[in-house]
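Just below is one structure, and these are the notes that go with it.
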Protein chains: 2
Amino acid sequence: MADIVRIGRHHLAIDGAAALSLRAVARDLGVVSSAVYRYVKSRDELLTLLVVDGYDELGDAVDAALAEVPGDDFVGRQAAIGRAVRAWALAEPATYALLFGSPVPGYEAPAERTLGPGTRVLRALVTLWTEAYAAGRLSPPEVEVSSTRLAAGFNAARDELGLDVPDSVVAACVFGWAALFGCLGWEVFGQYGRDGLGDPEALFELHLGMLAGAVGLS
Amino acid sequence: MADIVRIGRHHLAIDGAAALSLRAVARDLGVVSSAVYRYVKSRDELLTLLVVDGYDELGDAVDAALAEVPGDDFVGRQAAIGRAVRAWALAEPATYALLFGSPVPGYEAPAERTLGPGTRVLRALVTLWTEAYAAGRLSPPEVEVSSTRLAAGFNAARDELGLDVPDSVVAACVFGWAALFGCLGWEVFGQYGRDGLGDPEALFELHLGMLAGAVGLS
DNA sequence: CGCTTCCGAGAGCACCGCTCTCTCCTTAAT
DNA sequence: ATTAAGGAGAGAGCGGTGCTCTCGGAAGCG
């Protein structure tokens, strides 16, 4: 079982999710393809295993990075999260694509197995920004939520995460989350062109600063 | 030829890029698969045709939306671009994923055929923000580009687009571009959860406002 | 009429996901 | 020790994929 996941990760890293083949995993395992079906119900099941594996590894990387930064250094914590996700994404672009890129056609990750590990990075960001807000170090732009459905969605999100923050902080969290991963995806997926504007790492550091400014973190 | 692209687009919209099958296109065309190879060299060639087609359609949609907004309404123009891209992305999520999502493994879009149409949206955004800067309506956050390689990349980008703006504007353009598509990708690819926080459209409008704030547009 | 050129059909190769059956081989209970 | 049970791999087979090859017919042209 562990071998299957290991070889699967290897193939995922080399060939990408769409090319992940249970038969190839079986070949590398020195076994006929039907034997693998004893352990993994289907190719989608293997994908799910790799999704959970990836979320866990990314979550661990983020947690480890956060442990090195003092709790009241909010800008530093945000940068640590960003750099940790970026480093992991560049090291495992195919897994990053599987988790945060376009969905694999015909495959939907089962929420009951991926929702927990899948939101660890989001929770880390939300925790950071809400703590900063409580400490008076987050001044997000004012927003007015005129849509009652969106207000309900914000309330649901607040309940789910146990937060007590105004709409502007929720909006900043959502925007900051999406913007951060937007910058990351753009780099990992090569939208900046082949050379990434010369120095992708420096560009990302710039983006981290602009992100802090956008959510009002100081 | 036109039929092939049309049916290909249909399959792309329904099944996604990875499931795009030249054999299925041939079936729908009422023809045996090898016949299609007379016109399309390979599956990747078909993908390239669809990529160019998608870029063109998206670019046209953005241009049409911009034509409805007065040139000095910079916030309105930014919103128009954002809404146009969003509407097109929601209408054609598979094509959007093909253009802006994770790369299809083993496929690389040939730059000479996709670079022109592929940068139309970026050019629209850059034009908007640089014009706003020239009109004194864009006050992006100050940045210092300490990496010489990144500075060279910024200069190359300035030359390529024929701009005369400081580093802070270039940085704002890149960040705004990535952040906008980050928000869009998050929604299109379903990272906001099944219900999109209750009202995806209202959320996007919020994000548009925060984006304007982040790049300093007024 | 003959010739070339195009176009579709068909067979075939190797790969894929997945299912089925068959045969071992280990384990546990009697 | 014998026997029953279950796990594990092998192998064949189904329909699908991308792609290549050859063949035959049709259309245009000298």
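All values reported here derive from a predicted model rather than from experimental measurement.
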Discussion item. What is the separation between atom CG on B:L47 and atom P on D:dT17, rounded to the nearest whole Å?
Written reply: 15 Å

Item to complete: Would you mind reading off the distance between B:L46 atom CG and D:dC19 atom C1', rounded to a whole angstrom?
Response: 14 Å

Worksheet item: Which heavy atom of A:Y37 sits nearest a heavy atom of A:S42, and at what distance?
Response: CE2-CA, 4.2 Å

Worksheet item: Nucleotide by nucleotide, 5' to 3', does protein get under 4.0 Å of the base (B), only the sugar-phosphate (S), or neither (-) in nucleotides 11-21 of chain C, counting heavy atoms?
Response: -B---BBBBB-

Practice prompt. Applying side chain to side chain contact (heavy atoms under 4.5 Å, CB included) between A:L12 and each of A:V25, A:I7, A:L50, A:V5, report the one that passes.
Written response: A:L50

Worksheet item: By ring pair (Phe, Tyr, Trp, His ring centres under 6.0 Å), which residues pair with B:F74, not counting sequence neighbours?
Response: none

Response to the item:
note: A:Y39, atom OH; D:dA10, atom C1'; distance rounded to Å ~ 13 Å

Worksheet entry | Steps toward salt bridge (charged side-chain N to carboxylate O under 4.0 Å, His left out) verdict (B:R120, B:D63) | CA-CA 9 Å; B:R120 282 175 65 181; B:D63 286 350; 2.8 Å; yes

Response to the item:
On a heavy-atom basis, the closest approach of A:P117 and A:D56 is CB-OD1, 3.6 Å

Practice prompt. Identify whether any heavy atom of A:V32 sits under 4.0 Å from a base atom; if not, whether one sits that close to sugar-phosphate; answer base, sugar-phosphate or nothing.
Written response: base

Fill in: B:R6 vs B:D53, salt bridge (charged side-chain N to carboxylate O under 4.0 Å, His left out): CA-CA, chis, key distance, verdict
CA-CA 10 Å; B:R6 186 176 42 81; B:D53 199 61; over 6 Å; no

Practice prompt. Calculate the interatomic distance between B:E45 atom CD and D:dC19 atom C1'; express it in whole Å.
Written response: 14 Å

